[in-house]
Amino acid sequence: MHHFHYIKNELYCEEVPVEEIVRTVGTPVYLYSCATLKRHFRAFDSAFDGMKHLTCFSMKSNSNLAILKLFASEGGGVDIVSGGELYRALKAGVEPAKIVFSGVGKQVEALEYALESDILMFNVESPQEILKLDEVAKRTGKKARIAVRVNPDVDPKTHPYISTGLKENKFGIDINDAPKQYTLAAGLKNIDVTGVSCHIGSQLTQSSPFVDALSKMKGLIRILEETGIRIRYLDLGGGLGITYDSEEPPHPNEYAGAIKKELGSADLTLILEPGRVITGNAGILVTRVIYTKTTREKAFFIVDAAMNDLIRPSLYNSYHAVEPVRKSGRGTVTADMVGPICESGDFLAKEREMDAFEPGDLAAIMSAGAYGFTMSSNYNSRPRACEVMVNKDRFYTIRARETFEDLIKGEMIPEFLNV
Ligand code: LLP
């Protein structure tokens, strides 16, 4: 259940008609429901009540300051993967003691910035990174708390582009090689070994791969404790899936229940890095139909949102439901919904039965709150969409639509071309 619903054939976000928002801000626009965001955060976080835990929202799924601020005020932390994400998180008021830093290629500047900010923990992903972090920590006079991100080699049974915990993936350190790396790290003066971490993939629709990964992590913790390395944090990553179409992922309570059962009474703080499950179904992308076109082969709805706004269909062939903002009663047709970009891969829906839209109609691309705006670009020199948050009967622009000036910000014509 989320707060996008129809009243008399008209789509609302909470108590505001979507058409009313579009009249003010135009299209394409990302719309987020504050009530849904809050409810999803609370449902996830409270599922782990009764055990020491920290929910570190994975901000790569949605990094708007207003959204980060909302979760920070709910007591959440964040999972970051770059200096830029750290900057956003701090600007939004996330406590540094609730920030974990993952990623295979953390740059020296980002390591320095995170050390100076005194974040909770670095999830290190290679032996070279451990040594680099020790060196940077020494230089900045800080001690770096780390977890080794291990690759537990479990199959998350999801799209290959978003599987991360298989032997052949670039992420983490093979779980069998981890003890050696822990011994190395424990011997370094500026490193404080505090945790173990993993992240096995995204859009998982079963609990069992998480439980398998956790069981392997527990085995690793036992080995480490035998060698005198005490682990205080267990970071299980993110990855819980959502319903885009007919998927039936476990409810957070079921997922948390399976994890709690496997973890038993271990004296650890559990860290979770959910992204999609919190923001995915809390946002939609609203677009306007520019033209309709019927070729000998197909029917097309050409809309003003494109792959630069939402790349998931093009990149992963992902399904996003398409709903009319006003039900027309004209019946349905099977068509492709495509954008204005000069690529055949520029589609939002393919061979889909949908409302028989006409030029000027508004369509809602559902489940677009995660990996929507954050993966958007300026391809074809298209200004990026604006973002709006709805709270009950009011709406707020939380990111202005980009202008043409924004498109050329920072570009310069060298002197020699001006003669
Ligand atoms: N933690 C780490 C270390 C991650 O790499 C990710 C996602 C997450 C947490 C959050 O995963 P989530 O709970 O959202 O599944 N662009 C793709 C998804 C890529 C996910 C990358 N890592 C998509 O649009 O489906």
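Order of listing sets the numbers, starting from 1, for every ligand and every atom in it. Just so it is clear, the values below take in all heavy atoms, side chains as well, and ignore hydrogens, waters and symmetry mates. Quick caveat: nothing in here was measured; it's all calculated off a predicted structure.
- Of the charged side-chain nitrogens involved, none lies within less than 4.0 Å of a carboxylate oxygen, so that Lys260 and Asp49 do not count as a salt-bridged pair.
- A cation-pi geometry, defined here as NZ or CZ lying under 6.0 Å from the six-membered ring centre and within 45° of its normal, holds between Arg352 and Tyr319.
- Remark: Lys106 is not positioned above the aromatic ring of Phe122, lacking an NZ or CZ atom under 6.0 angstrom from the ring centre and at most 45 degrees off the axis.
- Counting the atoms of ligand 1 from 1 in the order shown, those under 4.0 Å from a heavy atom of Tyr316 are 16 (N), 17 (C), 23 (C), 24 (O), 25 (O).
- By heavy-atom distance, the residue among Arg312, Arg149, His199 lying nearest atom 25 (O) of ligand 1 is Arg312.
- Sequence neighbours left out, the pairs with a member in residues 70-83 that pass salt bridge (charged side-chain N to carboxylate O under 4.0 Å, His left out) are Arg42-Glu74, Lys60-Asp79.
- For ligand 1, the polar-atom distance check finds an N/O of Gly275 within less than 3.5 Å of one of the ligand's N/O atoms.
- Interface atoms of ligand 1 facing Pro274, defined by a heavy-atom separation under 4.0 Å, are 13 (O).
- Checked by distance only, ligand 1 and Ser102 stay at 3.5 Å or farther apart across all their nitrogen or oxygen atoms.
- Applying the ring-ring contact (aromatic ring centres under 6.0 Å, His included) test to Tyr32 and every residue at least two apart in sequence or in another chain returns nothing.
- The closest approach between a heavy atom of Asp79 and any atom of ligand 1 is below 4.0 Å.
- The distance between the ring centers of Tyr291 and Phe300 does not fall below 6.0 angstrom.
- For ligand 1, one of its N or O atoms has an N or O atom of Gly239 under 3.5 Å away.
- Heavy-atom contacts of Glu273 reach the following atoms of ligand 1: 1 (N), 2 (C), 3 (C), 8 (C), 9 (C), 10 (C), 13 (O) (cutoff under 4.0 Å).
- Among Lys60, Gln203, Met59, the residue whose heavy atom lies nearest to atom 21 (C) of ligand 1 is Lys60.
- Within the 4.0 Å heavy-atom criterion, both parts of Ser202, backbone and side chain, lie near ligand 1.
- For the pair Lys350 and Phe347, the distance from NZ or CZ to the six-membered ring centre is under 6.0 Å and the angle to the ring normal is within 45 degrees.
- With salt bridges taken as basic N to acidic carboxylate O contacts below 4.0 Å, none links Asp309 and Arg384.
- Under a 4.0 Å criterion applied to the non-hydrogen atoms of Arg276, ligand 1 contributes the atoms 12 (P), 13 (O), 14 (O), 18 (C), 23 (C), 25 (O).
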